[in-house]
Undergrad: 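My structure is below; once you've seen it, I'll send some questions.
Both ligands and their constituent atoms are indexed starting at 1 by order of listing. Here, residue 1 is the first one in the sequence, and each next residue gets the next number. Side chains are part of it too, since the values below use all heavy atoms of this structure and drop only hydrogens, waters and symmetry mates.
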Amino acid sequence: MKNINKNNLKKILYKMLLIRETDLQISKRYSENEMRCPTHLSIGQECVPSVVGTFTKKKDLCVSSHRSHAHYLGKGGSLKKFISELYGKSTGCSKGRGGSMHLTDPSVGFVGSTAIVSNSIPVGVGLSLSSKILGKKQVTIIYLGDASIEEGVFFESLNFAIVKKIPVIFVCENNFYSVYSPLSVRQPVNRKIYKMVKACHIKSYKKNGNHTHEVISAFLKAKNFVEKNKKPVFLEFQTYRWFEHCGPNLDDHLKYRNPKELLYWKKNDPIKILENYLIKKKWINSNSVQNMRNSITNKIDLAFKYAKKSPFPKKEDLYKNLYK
Ligand SMILES: Cc1ncc(C[n+]2csc(CCOP(=O)(O)OP(=O)(O)O)c2C)c(N)n1
Ligand SMILES: [Mg+2]
């Protein structure tokens, strides 16, 4: 596939490292008690948003849910505005009023993320319907988790998108858990998400969400199909979060996950898989990766400094520009 080339793969590696290092810094600095919003880290799940961000244009739209750091950064959302938002500062992407679960950067098509599981799904379908009515050449990406498909609104939105032929790509990141509940206590054992969705009469595929090549080829096929046929596609990507559901720590001591499972997914670290491939191809070497990492950590450090020294929103501005 011609899109799987050195330049694109390096861009994807850069995005993955940016997401990983940003979330690691959030985890490290969270105990300083200056970030006062809950955070849902994406460490371990960097591949899908990096590929999606690399192969969508700014004009393509995107909505997401509570675990949205990677989706926002992958799409090219401003790092400074993101970190400022976590600090509740007026320079934040939601002017310091939203926190980690309410990210937005319209300048790159990241319309928004919201905290209520599944509630951005109908919003995404509606955005895409409006693109269709206005004849705009853009697709909409709707990120959702494996628990999202357990909400009624998912089926209503999916059905509407199918019947009305709406150009939307549902990107489901199946990390097998909803907080501490595994799929086995929430859905019939052995029922496959992508197969259940396929039964609703939509193209639906399942891929390894930690393997860059698999994600690229599935995503590009889906995007081409959606653009050409103006019909939706559903993609299930299996992946795994390494940290606790919500917060900056690990939660292995709670024992709700089999340690072997975590170990398996850590061995399948999406960053290592891509890095090793690029090194084997001689398209990068360990020095160039280190340089990339250094420039990313400098950028992150500057964003934290900017956020810390930015002012809090003024009380008298509380109701100003709310709907801008
Ligand atoms: C309607 C609704 N129900 C419950 C919650 C509490 N809640 C927040 S995140 C979450 C788990 C969602 O799991 P999933 O969609 O698989 O995403 P993941 O956290 O695994 O990325 C739950 C139940 C919520 N925010 N909204
Ligand atoms: Mg999940």
Undergrad: Got an N/O contact under 3.5 Å between Arg67 and ligand 1?
TA: yes

Undergrad: Flag this pair as yes if the NZ/CZ of Lys266 is under 6.0 angstrom from the six-membered ring centre of Trp242 and inside a 45 degree cone about the axis; otherwise no.
TA: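 Ring-cation test returns yes.
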
Undergrad: Between His245 and ligand 1, which part of the residue brings a heavy atom under 4.0 Å of the ligand: side chain, backbone, both or neither?
TA: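 Contact part for His245 vs ligand 1: side chain (C-beta onward).
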
Undergrad: What I want to know is whether Val179 and ligand 1 share at least one N or O pair that is separated by under 3.5 angstrom.
TA: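 So ligand 1 has no N or O lying under 3.5 Å from an N or O of Val179.
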
Undergrad: Without placing hydrogens or testing angles, list every side-chain donor-acceptor pair under 3.5 Å for residues 148-167, not counting sequence neighbours.
TA:
from   : atom 1 : to     : atom 2 : distance (Å)
Ser148 : OG     : Ser118 : OG     : 3.3
Glu150 : OE1    : Arg186 : NE     : 3.2
Glu150 : OE2    : Arg186 : NE     : 3.1
Glu150 : OE2    : Arg186 : NH2    : 2.9
Glu150 : OE2    : Gln187 : NE2    : 2.5
Ser157 : OG     : Val153 : O      : 2.6

Undergrad: Inspect the surroundings of NZ in Lys89 and state if more than 12 heavy atoms from other residues, nucleotides or ligands are less than 6.0 Å away.
TA: yes

Undergrad: Any N/O of His40 closer than 3.5 Å to an N/O of ligand 1?
TA: no

Undergrad: Hey, would you say the His40 and Phe243 ring centroids sit under 6.0 Å apart?
TA: no

Undergrad: Return the closest protein heavy atom for atom 4 (C) of ligand 1 as residue, atom name and distance.
TA: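 Here the nearest protein heavy atom works out to Val117 CG2, 4.5 Å.
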
Undergrad: Would you mind running through ligand 1 and noting each atom that sits below 4.0 Å from a heavy atom of Ala115?
TA: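 Listed by number with element: 25 (N).
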
Undergrad: Cation-pi check for Tyr306 against Lys80: NZ or CZ below 6.0 Å from the six-membered ring centre and within 45 degrees of the axis, yes or no?
TA: yes

Undergrad: Distance to 0.1 Å, residue and atom name: give those for the protein heavy atom nearest to atom 13 (O) of ligand 1.
TA: Ala147 CB, 3.3 Å

Undergrad: Looking at every heavy atom in both Cys93 and Tyr72, which two are closest together, and how far apart are they?
TA: CB-OH, 3.9 Å

Undergrad: Would His66 count as being in polar contact with ligand 1, using the rule that some N or O on each side must be under 3.5 angstrom apart?
TA: yes

Undergrad: Given the protein's heavy atoms, is any one of them under 4.0 Å from atom 6 (C) of ligand 1?
TA: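 Given the 4.0 Å cut-off, atom 6 (C) of ligand 1 does not count as touching protein heavy atoms.
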
Undergrad: Run the side-chain hydrogen bond (donor to acceptor under 3.5 Å, both in side chains) test against Ser310 and tell me which residues pass, sequence neighbours left out.
TA: Thr91

Undergrad: Run down the list Ser178, Pro38, Ser118, Cys172 and name the one with the heavy atom closest to atom 11 (C) of ligand 1.
TA: Ser178

Undergrad: Return yes when atom CG of Asn190 has more than 12 non-hydrogen atoms of other residues, nucleotides or ligands closer than 6.0 Å, and no otherwise.
TA: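 No.
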
Undergrad: So, is the end of the Arg241 side chain (NZ or CZ) under 6.0 Å from the ring centre of Trp265 and within 45° of the ring's axis?
TA: no

Undergrad: Report, in ascending order of atom number, the atoms of ligand 1 lying under 4.0 Å from any heavy atom of Ser148.
TA: 15 (O)

Undergrad: Given O of Tyr177 on one side and OD1 of Asp146 on the other, what angle do they make at the Mg ion (ligand 2), to 10°?
TA: 110°

Undergrad: For Glu151, state whether at least one heavy atom is located under 4.0 Å from any atom of ligand 1.
TA: yes

Undergrad: Within 2.8 Å of the Mg ion (ligand 2), is there any N, O or S atom belonging to Asn175?
TA: yes

Undergrad: Just wondering, more than 12 heavy atoms not from Lys15 lying within 6.0 Å of its NZ?
TA: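 Above 12, so yes.
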
Undergrad: Using a 3.5 Å cut-off on N or O atoms only, is Asp146 in polar contact with ligand 1?
TA: yes

Undergrad: For ligand 1, which atoms, with element, lie under 4.0 Å from some heavy atom of Asn175?
TA: 18 (P), 20 (O), 21 (O)

